[in-house]
Amino acid sequence: PAGIKPSSSHAHVSLTIRKNGSPIANEPVYLKTVGNPIKYKGKTDQQGKVVFMLPLKTKYVVDFTFQRDAEALDLSRMKGFATMSKTINYTPDPRLENIESFIPRVKDLVALNVNDFVTAQYPSSENEVDLFLKWGNKFNASSKEAVLEVGFKVNAKNKKAYIPKNLFFVIDVSGSMSNENRLELLKNTLIEMIGRMTPQDRIGIVAFDDHLYNVLPSQFITNKTAICDVIRALQPRGGTNISIGFEEGLKQLEANKKPSMVNRLILLSDGYGGDEPELSINLAKSYAAKGLQISAIGVGYDYNAALLEQLATIGGGTMQMAGDPSHYSQAFLKTFDGAIDPIGTDVKLEILFNDQIVYRQLLGYENAKVNVGKVTVDIDHLFPGLQKMALVKMDIINATPAIEQQKVVARMTYTDPVSKKQKVVEKELHPEWSTATGLLDMTLDMNHKRMMAVAIVNQSMKLMAERFASGDKAGAEKAANGGVAQIQKLFPQAIPADLKGLFEKLQEYVSVFEQLRAEP
């Protein structure tokens, strides 16, 4: 109602919505409450204004019909009779305006890394590298399939020498970073990483929304407390202009470049912005030619993989996905460790089977080469502290008690970059026979189920994109629906919190197909 006043519990929030530089009338405005499912809806008047009475001590994200996460509203620190006024620019997302373009193209798909969702930790030892094998089931005459866990861990103490780092972080603080408390969790993990750095290292930070913020000029790590206080002060704000933050970060990194240091820029963003992607790509090419490295961490499940992968590839760095907030720390530390000299190069992992065990699928690696009785995987480098897990799905042929004699072997070979000598690590495991009758259930632990769920999403997305590109909308919808059904079957009680984002993404595609069917 006109003339409404703020109260001791609610703030009076007045928003002016502009599109193409002018106020827009009769436009729906949606506010998502961060941390709970409550949403608010309003509509602009003839002057483009809309007023909300919002509960204090919380945060909100502004959505429009064809734009998500346009702006963040932070009322978490407000007290008493509070008011807020903001002007927000509405920039429609072409994917939402044209619903068919929301379905990803095959060439834009980047498979999710199943290891980003693994929470198990292998035990440490004094060995340089350890291999781990574990069956997910016992065997009897009724056995038709089996699952084998294959993992390895590199000793974190294997560092040859500490190489000082000159790191520059370019951080997205647009409204979308309020979702799932993304920015707060990123700040926490960045602070954790600073705890691992030394006074020999440099760090600098710029942040961006649709403006540039010079947060921390490049400096040596001499006062960790002061640096962490600056990081804690970061807050989500407005739109997204990646290239302005990217360019400033590269300029400052180059200004402090030292041949004796690892000189690397790390971009943290979902990769979607109002500027042209070619601006950032051309910047990456220009500064990579000057000897700077570029890494990227894709934030959220719907990050712009095509752009961020390209920037990291041009810059000779790594690309990590931090889809679920609980995995931000893992993605950060992988990127950090990626700036350390490897302890092994030219790495190959071989898994050798026998005649009664037939290879069907490997989850955890995308580049498996299959030959009779052997699967080979190429791994780029072995870094200190690196851990990976894979699952091998197999068919069993005519199982008898003699299968216990048919061992499975995992063998890793790699070259020591200092001595140039090849090293070999090998582990073997025999099947265990059971006298039980009937089919034996596979005793999959939660990490195995997580890996299978991510593999289901990868496969469903790929099949969906392929069918949609060929004009088979019904087949594409079936692929998305099939992925949802398989994940629900895998987790009949409740889907783990760290997988909900992936599951909801598939459900979102299902909704898109339902909308397409409803259109005339």
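The structure presented is a predicted model; accordingly, all values stated were derived computationally and were not measured. Index from 1, following the sequence.
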S.K.: Could you give the distance from CZ (F168) to CG (L265), rounded to the nearest 0.5 Å?
M.R.: 7.5 Å
S.K.: Any non-hydrogen side-chain atom of W135 less than 4.5 Å from a side-chain atom of E432?
M.R.: no
S.K.: May I ask you to test the F102-Q515 pair for a side-chain heavy-atom distance under 4.5 Å?
M.R.: no
S.K.: So does E192 pair up with R196, basic N to acidic O under 4.0 Å?
M.R.: no
S.K.: Find the distance between CD1 (I88) and CD (E71) and round it off to the nearest 0.5 Å.
M.R.: 5.0 Å
S.K.: Does the side chain of H10 come within less than 4.5 Å of F52's, by heavy atoms?
M.R.: no
S.K.: Just say parallel, tilted or perpendicular for the rings of F132 and Y122, cut-offs at 30° and 60°.
M.R.: parallel
S.K.: Donor-acceptor pair, distance only, cut-off 3.5 Å: does the side chain of N137 make one with the backbone of A146?
M.R.: no
S.K.: Donor-acceptor pair, distance only, cut-off 3.5 Å: does the side chain of T33 make one with the backbone of I38?
M.R.: yes
S.K.: Test I379 against M412 for side-chain contact (heavy atoms from CB on, under 4.5 Å), laying out the working first.
M.R.: CA-CA 10 Å; I379 301 171; M412 177 176 282; 4.2 Å; yes
S.K.: Is there side-chain contact between L131 and L349, with at least one heavy-atom pair below 4.5 Å?
M.R.: yes
S.K.: Given D378 and K369, is the salt bridge (charged side-chain N to carboxylate O under 4.0 Å, His left out) satisfied, shown in steps?
M.R.: CA-CA 9 Å; D378 292 325; K369 300 171 186 174; 3.0 Å; yes
S.K.: Heavy atoms, side chains only, cut-off 4.5 Å: are E477 and L516 in contact?
M.R.: no
S.K.: Look at D130 together with K427 and state whether they make a salt bridge at an N to O cut-off of under 4.0 Å.
M.R.: no
S.K.: Would you say the side chains of D472 and S470 form a donor-acceptor pair under 3.5 Å?
M.R.: no
S.K.: When rounded to the nearest 0.5 angstrom, what distance separates CD in Q486 from CD in Q488?
M.R.: 11.0 Å
S.K.: Are M389 and R450 packed together at the side-chain level, in the sense that at least one heavy-atom pair is separated by less than 4.5 angstrom?
M.R.: no
S.K.: With a 4.5 Å heavy-atom cut-off, do I205 and Y213 have their side chains touching?
M.R.: no
S.K.: Mind checking whether R232 and C228 have side chains closer than 4.5 Å, heavy atoms only?
M.R.: yes
S.K.: Measuring from atom CZ of R467 to atom NZ of K473, what distance do you get when rounded to the nearest 0.5 angstrom?
M.R.: 16.0 Å
